[in-house]
Amino acid sequence: MKKYIKIFFSLSAEEFRDEINEIEAFIGSLNNIYIRRDIFFEIKECEDLSSAFQMEGEQTQYKEYMKQCRYFYLLFGKSAEKSAQEAFNIALEHFQSNGAPKIYTYFKQLPEGEHAQKSVLDFMERLDCQLGHYYNTFVHLDAVKLNLLLELALDGQLNSVMEFQNGQAYLDKQPVMSLENVPLYYGNETLQQKKERKKKLDAEYAVLVSESGKNPADEELGDKIWELVGERKKIQEAIHQIEMDMLKMCQETAQKRRSGIKMNWREKKAIEFVDQGNYEGAKNILRDAQWDEEIRQAEEELELVEKKKIDKLEEIREFISGRRALISNLKATGLDHESVKEITDIYEEIIVRAEKYQMELKVLYEYASFLYLQNRLTEGIVAAEKLRCFYDNSKETADEDKAQLLNILSLLYHKNHDFYHAVELGREALGYYRRLTEKNPQVYAAYEASLINNLAALLMEMNKTAEAEALYREALDLYRCLTEKKPRVFADYEENLAAMKALTISNLAVLLGNMNRMEEAEGLLGEAWEALGAANALRRLAANNLKYYDVDVAGSYLNLAEVLRRMGKKSVAKRLLMQALRIYRLLAANNPEAYEPQVAACISYMAILMGEMNRVKEAEGLLREALEMYRLLAAKNPEAYELQVAACMNGLAVLMDEMNRVKEAEGLLREALEMYRLLAAKNPEAYEPQAAACANNLANMLEKMNQENAADEL
């Protein structure tokens, strides 16, 4: 049965003659997408309301139609006719009593030298001062169309997914409009600079490839092409990241408008600036030092005058909201060392007020997630634990919020090698997700499967193989089911699903290999390749951009290389490791804090493989490179990376022993053993086996060196 969604557009035929046809064509393109889901958009355009409202019968007809609409758009140019204002009043009255239609009011920015009539200015003042109704300005109709797309993506009944990709807006994987005429897109200077750079790189690449065809044996030319390929991929990934951060910022703004959250005039003005493509103006007004002073005064008055409490608390909430909008703006114009520092400072500033006044507390979760991605684990744990205390003392916290918080806490503790707390929190989070999935499997089943996979990986590290295997198989069953259903949940859902399924299969294969069940492990390889192929094919459709789920793709390559290495297929394993290393290096180029640990891990795996292939010199060089990386990481976060430092030293010592460089090997083993013993003192269950193995290696070496007494002591 078809579902009809009615949209009302009120605009002047005289001022918006071209826009009327454009709106009709745009709604028609949306119907081409949604008709397969039995959803049809019905548009009613009132180009000249004045004549309609002069006739009582038509007036009644228009009123009845407006009441049935889900979305109501008013577009004003030079004038605001009384009939249009009357239409707004009718829509507003019905919205206040029934919650529909959603009303969006747009004022066209007039060319230089032209001025709006008094009727427009008066109506804007009424919206702003009397009604608190948020209105937009636009230069090109594409800004209005983009707003409608954002609304459709937020509409729970439509279950749509929106993406920005290469200057296009996509809805459910279908391109629906260009962003080139939208000021917030073409006004993003960082994005435009990177796009311009991409054009130049494409031109250079075409020239080099042409020259390579004439001189295929020219190695120097081949190296230049290889370097250029890497830079093109890096710049394309940076473009995509900015586009997705920009979309997230737009969605956050649309959500605030939809929910009617009150905003400080600065945040409203900042949104207006962004709509005009003026990002720097938006950042500057959100950074306004005077706002800090006003909030300090509000806090002082709050402590002195009880009757002003509600108003002053609202001012503080608006301030926190504005600072979060600034974080979104910073992300949307590209992250670098300076912007990461500013984001950190902003979070620390607003968290103090969020805690003090018990408002907008989810900002602690956002900060903990940000710190997790930056590998600042101790600080992330502190932020998340604070929020956990607040949630524990509140009966109003939603289960979804609790589940998200417990999950990020588990991940933080896991990465920090505090396995006990990680498992405890992971199990608790899983309990919440199981209940959420029971109520709404379409939304939560994928999150549940991801958490089960993470918990299984944690238990595998703790040598709890039976429980880990059971969880991996449960996660895999969920992914198999989800792959068949393919519900629309979020952007890149299918690619992410395929990548997570591949990672779960490869994790299980490694576990089975560790348990000497190689035949079973080998039996999973076909399904793993199929899932990886699906993820990569879907990514190629999206211009081969690296995305967040590529971490899972690289992890799968790493796991499968380990299984194939155990099966003796070392050359294939090497090719997979090279693919994993390429992805990790590209990711680390944009965000070294987040991805350098994976680069180091991949290098150390490659070193092990080179050692087994009797390429000792290469193995030594790789191990020293990995050890140096881990030492730098451990200097910043010893809890997270001392284990890897010890493991690299142990592996390098074994290699040195094989090369008869025993003195160097002894020094490395003694240093590694000391680190293992310190780790085992904190967590004996996890680290005593490694300490014992290292001690055994050192004892064997000392016996070779005729130091039996020292060996006996070990």
Side-chain angles (χ1 to χ4, degrees), residues 18-19 21-30 32-34 71 73 75 104 106 108-109 136-155 158 160-199 202 235-255 257 270-283 325 328-335 490-492 539 541-547:
D18 294 336
E19 283 86 346
N21 295 329
E22 193 174 337
I23 288 168
E24 289 179 347
F26 181 64
I27 298 299
S29 69
L30 294 181
N32 290 336
I33 295 172
Y34 281 96
Y71 303 106
Y73 284 82
L75 276 61
Y104 303 95
Y106 279 85
K108 188 168 186 177
Q109 292 182 42
N136 306 71
T137 58
F138 73 102
V139 176
H140 194 282
L141 189 66
D142 281 356
V144 182
K145 293 192 285 187
L146 178 60
N147 170 269
L148 180 57
L149 290 179
L150 289 164
E151 285 303 315
L152 297 181
L154 287 170
D155 193 324
L158 297 180
S160 300
V161 175
M162 188 173 174
E163 295 174 83
F164 285 175
Q165 187 74 261
N166 296 325
Q168 291 279 327
Y170 285 73
L171 204 62
D172 292 344
K173 302 295 181 185
Q174 300 295 315
V176 286
M177 65 173 281
S178 168
L179 298 168
E180 298 298 332
N181 293 318
V182 180
L184 70 87
Y185 188 85
Y186 67 69
N188 190 321
E189 291 183 11
T190 305
L191 175 64
Q192 298 309 321
Q193 287 168 3
K194 290 188 182 298
K195 289 184 72 175
E196 192 60 36
R197 177 62 182 156
K198 176 69 164 48
K199 283 182 184 177
D202 289 344
I235 202 78
Q236 182 61 51
E237 165 59 13
I239 289 168
H240 178 67
Q241 186 60 56
I242 291 173
E243 286 184 328
M244 293 308 290
D245 286 335
M246 191 185 303
L247 173 60
K248 185 178 180 183
M249 177 184 64
C250 292
Q251 290 172 327
E252 288 170 355
T253 301
Q255 184 62 56
R257 291 170 176 167
I271 292 170
E272 184 181 329
F273 279 152
V274 171
D275 285 343
Q276 296 167 5
N278 183 2
Y279 283 87
E280 289 308 307
K283 290 177 190 175
S328 296
N329 269 270
L330 288 164
K331 289 180 178 178
T333 49
L335 287 180
F490 52 78
D492 300 332
R539 187 180 66 206
L541 291 175
N544 199 29
N545 289 317
L546 280 171
K547 298 184 180 179

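Heads up: numbering here begins at 1 and tracks the sequence. All values below were derived from every heavy atom in this structure, side-chain atoms included, with hydrogens, water molecules and symmetry-related copies excluded. Predicted model only: the values in this text are computed from it and were never measured.
- Put simply, the side chain of V144 does not reach to within 4.5 Å of the side chain of N136, judged on heavy atoms.
- Taking Y185 as the reference, nothing meets the ring pair (Phe, Tyr, Trp, His ring centres under 6.0 Å) condition, with sequence neighbours excluded.
- The CG atom of L154 lies 5.0 Å from the CD atom of Q255; values are rounded to the nearest 0.5 Å.
- Judged as a side chain to side chain donor-acceptor pair (under 3.5 Å), and not counting sequence neighbours, the contacts of E19 are K108.
- Residue G167 comes nearest to E243 through the heavy atom pair N-OE2, 2.8 Å, listed as atom of the first residue, atom of the second, then distance.
- The distance from the CD1 atom of I242 to the CG atom of L191 is 5.5 Å, given to the nearest 0.5 Å.
- The side chain to side chain contact (heavy atoms under 4.5 Å, CB included) test applied to T333 returns N188, T190, Y279, K283, not counting sequence neighbours.
- Note that CG of D275 is 7.5 Å distant from SG of C250, once rounded to the nearest 0.5 Å.
- Looking at residues two or more places apart in sequence or on another chain, you find a side chain to side chain donor-acceptor pair (under 3.5 Å) between S328 and E252.
- Note on residues 182-194: no pairs pass salt bridge (Lys or Arg N to Asp or Glu O under 4.0 Å), not counting sequence neighbours.
- Nearest heavy-atom pair, N181 versus P183, reported as atom, atom and distance to 0.1 Å: O-CD, 3.5 Å.
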Q) Does the side-chain contact (heavy atoms from CB on, under 4.5 Å) test come out yes or no for T253 and V274, once each step is laid out? A) CA-CA 11 Å; T253 301; V274 171; over 6 Å; no
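- Considering every non-hydrogen atom in both A270 and A282, the closest pair reads O-CB, 3.5 Å.
- Checked by atom type and distance alone, the side chain of N147 never pairs as donor or acceptor with a backbone atom of A143 at under 3.5 Å.
- Interatomic distance, I271 CD1 to L184 CG, rounded to the nearest 0.5 Å: 11.5 Å.
- When the ring pair (Phe, Tyr, Trp, His ring centres under 6.0 Å) test is applied to Y104, the partners found at least two apart in sequence or on another chain are Y73.
- The line from CG of N166 to CD1 of I239 is 7.5 Å long, rounded to the nearest 0.5 Å.
- Pairs passing the salt bridge (Lys or Arg N to Asp or Glu O under 4.0 Å) check and including a residue from residues 141-152, sequence neighbours excluded, read E22-K145, D142-K145, E151-R258.
- The side-chain heavy atoms of L150 and Q251, taken from C-beta on, include a pair separated by under 4.5 Å.
- Looking at residues two or more places apart in sequence or on another chain, you find a side chain to side chain contact (heavy atoms under 4.5 Å, CB included) between A169 and L149, M162, F164, V176, M177, L179.
- The structure places CG of D202 at 10.5 Å from CZ of R197, a figure rounded to the nearest 0.5 Å.
- Using a 4.5 Å cut-off on side-chain heavy atoms (C-beta onward), L148 and I27 make contact.
- Listed by chain and residue number, K195 satisfy the side chain to side chain donor-acceptor pair (under 3.5 Å) test with E180 (two or more places apart in sequence, or in another chain).
- With sequence neighbours left out, D245 forms a side chain to side chain donor-acceptor pair (under 3.5 Å) with Q241.
- With sequence neighbours excluded, no residue satisfies salt bridge (Lys or Arg N to Asp or Glu O under 4.0 Å) with K331.
- With sequence neighbours left out, the salt bridge (Lys or Arg N to Asp or Glu O under 4.0 Å) criterion links D155 to R70.
- Side-chain contact check for M244 versus H240: some heavy-atom pair is nearer than 4.5 Å.
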